[in-house]
Structure formats: structure tokens, C-alpha cells
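Just so we're clear, the structure is a prediction, and the values are computed from it rather than from any experiment. All residue numbers in this chain count up from 1 along the given sequence.
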Amino acid sequence: MPIQISKNRFVQFKYDPCYLRGSRKAIVSTVDAVRAYKVAGIKPKISDIRSDGGNIVKSRTKVIMTDRILCENPQLTKQELIKKLKIALKVRQVIIIPQCPDDPFGHADGMIRFIDGVRDEKTVLVNNYPDDFSDFKKQLYASLKEAGLNRVLIPYNPMSNDEYDASGIYINYLQVGKVVLYPIYGIKEDTLARKVFLRYFGANATPVRANAIAKKGGVLNCVSWNIIGGI
């Protein structure tokens, strides 16, 4: 779906991810974005950059994406791609982070989120990855430090799941305005996640049991698309 840039401005990236290529069933099941945004009365600017919405974690002047964006657009150098992304998304900074080794989709929204992307663009929630992710964590934390971002850790425990099961991932919450709907799974990490959400979002945070959704590979942010007025 189109990415919102401002109240009435949107950009439509090319949805052609490597994990769908060669799968007729997956390709046929994709959403007709053109039909959807016409119904919504939106006229986005069309970009030739390949990108998933799930790999775009945006604040007012910054965007965080995993390095999956680089291999999805091999026709461009890293510098060329960053320049085009800055123009398309109307941001001053494009932050490239390493993709999680266990994520077949390479999405940033399953790894990191701005706590307040309007008033505070320096503080992000980040998965508290286990010790056996040590090399990946070093790379991730180094990229965040280089970008000038402060990290707040949030529980992460999908380690015993099937390949596409996102149960145990809390970072993929849905935020609409001040309202935050965050996933819970009936596991001990729910209590730790609740403390984080209450600390940073207070009474605006509401838990939603999300096991059934998570079995398909994503959680609340993955299955939603909302338009925010006045940003």
C-alpha cells in the first residue's frame, strides 16, 4: 500500500519482493493496491524503487530500513538508492540496518520502531535479541549508534516457532494517532512487554491477543494500513 508522507501526500513503491518471486499462489494473493487507493481517494506518486511497506519505519524526517532494500534494487548503488529514497519519502536521513537473520521477509517493522516519530526522532524501541544473535546485535547496535539513535529494549522470544510464526514479537504493534494496540501471546514475556508499553504509551496502550495472526508471519502492523491526518 502507499506510504504516507504528509497529510495529503503518498508514495507508491513497487511491490515485487524476492520472497514472492516464483510463487504463483503468493503473487495471486497480493492486494490490488491501485484499486484500494482509488477507493480511498488517494493519488500517490509512483516510484520505481522496490520496497515493502513493512521495511519502512518512518518518523517525521528519518526512515529506517533493513539492508534488504539494497538487494531488492541491485540496479542502483547504495548512494543512488539513498538519494532516491530521501526524495521519495521527503526525509533528511535514511538509516540502513542489518536484517534479522531469522526473518525471511527482511522487514524493519519487526525489529525497530520510533517511540514518538514526531517529537522524538532519536529514541527507538528495539527487540531484545538473545545472546546467540551476538554478531548481528553488534552490527545492529553499531548502525543505530552511528545514526545517533538511542535504543530501548523490548521483549523478543519467537525462537521455538515455525519458520513464519511471529508469536513472541511485540515490536510489530499498531499505532493509530495516540492509540497503541500491542500483541500478546499468553507467554511470560507478555508481562515484560506490558511494562514497556505502559511506560512509554501509558493508558493509550491496549493488549490484543495475536497468536492466530502471528502464525502467518506478521502481527498487527503487518495486517493494517491507516491514514493519519495532520502529520
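Between the side chains of D52 and Y19, at least one donor N or O lies within less than 3.5 Å of an accepting N or O.
Looking at K216 and D165, no side-chain N of the basic residue comes within less than 4.0 Å of a carboxylate O on the acidic one, giving no salt bridge.
For residues 110-129, the side chain to side chain donor-acceptor pair (under 3.5 Å) pairs, not counting sequence neighbours, are S59-E121, R60-E121, T61-E121, D116-R119, D120-T123, N127-Y129.
Under a cut-off of 6.0 angstrom, the local environment of CD in Q75 is crowded, with over 12 non-hydrogen atoms contributed by other residues, nucleotides or ligands.
At least one donor-acceptor pair closer than 3.5 Å links the side chain of N172 to the backbone N or O of N221.
If you run side chain to side chain contact (heavy atoms under 4.5 Å, CB included) between Y170 and each of N157, L125, L220, D190, only D190 comes through.
Taking the six-membered ring for Trp and the full ring otherwise, Y182 and F201 have centroids separated by 6.0 Å or more. Here Y173 and F197 bring their ring centres to under 6.0 angstrom of each other.
In the hydrophobic clustering of ILVMFWY residues, with side-chain heavy atoms under 4.5 Å counting as a link, L192 and I169 come out apart. Residues V179 and F114 are members of one and the same hydrophobic cluster, defined by side-chain heavy-atom contacts under 4.5 angstrom among Ile, Leu, Val, Met, Phe, Trp and Tyr.
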Show me the donor-acceptor pairs, under 3.5 Å and distance only, between side chains in residues 90-101 and residues at least two apart or in other chains.
residue, atom, partner, partner atom, Å
K90, NZ, I87, O, 3.4
Q93, NE2, A147, O, 3.4
Q99, OE1, R68, NE, 3.0
Q99, OE1, R68, NH2, 2.8
Q99, NE2, D67, OD1, 3.4

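For V34, the side-chain contact (heavy atoms from CB on, under 4.5 Å) test picks out D32, Y37, K38, with sequence neighbours left out.
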